[in-house]
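Quick notes on the structure that follows.
We count ligands from 1, going down the list as the structure has it; atoms in each ligand are counted the same way.
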Amino acid sequence: MFFSEDRDRAGERARMVDLQIRSRGIDDAPVLDAMRAVPRHRFVPRSEQPAAYDDCPLPLGHGQTISQPYMVAAMTAALALSPRARVLEVGTGSGYQAAILARLAADVVTVEWVPELAARARAALAELGAANVTVVNGDGTADFEGGPFDAVLVAAGAPRVPSVLRDRLADGGRLVMPVGSPTLQTLTVVRRTGAAFREQAADPCRFVPLRGRHGWTPAAEESEVLE
Ligand code: SAH
């Protein structure tokens, strides 16, 4: 759809898809194709590039991480994207998840709290020619106008799904995010039908904490309660 196919390290990506993703039960062909196509190594710091296709999260600096490839695939598959979908991502991090979403949907808005990460992700996405992604620096739970979105992906954990994010869903839309304590969450999928929201719990997972107006403050994280 946008960037040209990157053959560099394509064999490693094919193995990543077979051994880490298909083997764990994800068989959504467009999602697997996107995971084979997007050069993950271009989104991680130079020092992490040799490990870019390993079965684990990797550090991005600023205390943040790029999720394990399987988790990126599982969250993407849970959104059941149509090629016409408008997508919101909260927590751009490296920009890798946004690149995967951008191959499958019409339009992606992704919001990142840390200015340096937002700038780096914007550059990596531009280098790939991902013209249908907009990177916004700010609080993805509060700082920008927009929507409704057919899909919302939150890449940071909170004790519950913030209603401000749920409310950005279009009718029939889906949201996926990690819900739980700062140290352990459950991947949670919310489906909107009219004014009703149905929540379904999936895999256990571990993400960095959601910050901002509707996320954890460092003090609340310490005592595991949120106002
Ligand atoms: N999807 C990313 C991984 C994200 S890690 C990737 O593909 O690399 C989670 C990110 O969420 C971190 O970069 C963190 O800074 C960011 N974050 C946390 N709270 C946020 C908020 N309220 N608004 C925007 N970004 C937030």
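No donor-acceptor pair under 3.5 Å is formed between the side chain of R168 and the backbone N or O of L88. Within the 3.5 Å criterion, the main-chain N or O of G11 finds no donor-acceptor partner in the side chain of R9.
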Let me check something: any side-chain donor-acceptor pairs from residues 20-29 under 3.5 Å, sequence neighbours excluded? List them with distances.
| unit_1 | atom_1 | unit_2 | atom_2 | d |
| --- | --- | --- | --- | --- |
| Q20 | NE2 | Y53 | O | 2.9 |
| R22 | NH1 | D18 | OD1 | 3.0 |
| S23 | OG | L19 | O | 2.6 |
| R24 | NH1 | Q20 | O | 2.9 |
| R24 | NH1 | D55 | OD1 | 3.2 |
| R24 | NH2 | D55 | OD2 | 2.7 |
| D28 | OD1 | V31 | N | 3.3 |

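How far CG of L187 is from CZ of F207: 6.5 Å, rounded to the nearest 0.5 Å. Taking CZ of F43 as the reference point, atom CD of E127 lies at 9.0 Å (rounded to 0.5 Å).
Counting non-hydrogen atoms of neighbouring residues, nucleotides and ligands closer than 6.0 angstrom, the CD atom of E116 exceeds 12 such neighbours.
Contact residues of ligand 1 (protein heavy atom closer than 4.0 angstrom to a ligand atom; sorted by chain and number): Q64, T65, I66, E89, V90, G91, T92, G93, S94, Y96, Q97, V111, E112, W113, V114, L117, G138, D139, G140, A155, V208, P209, L210, R211.
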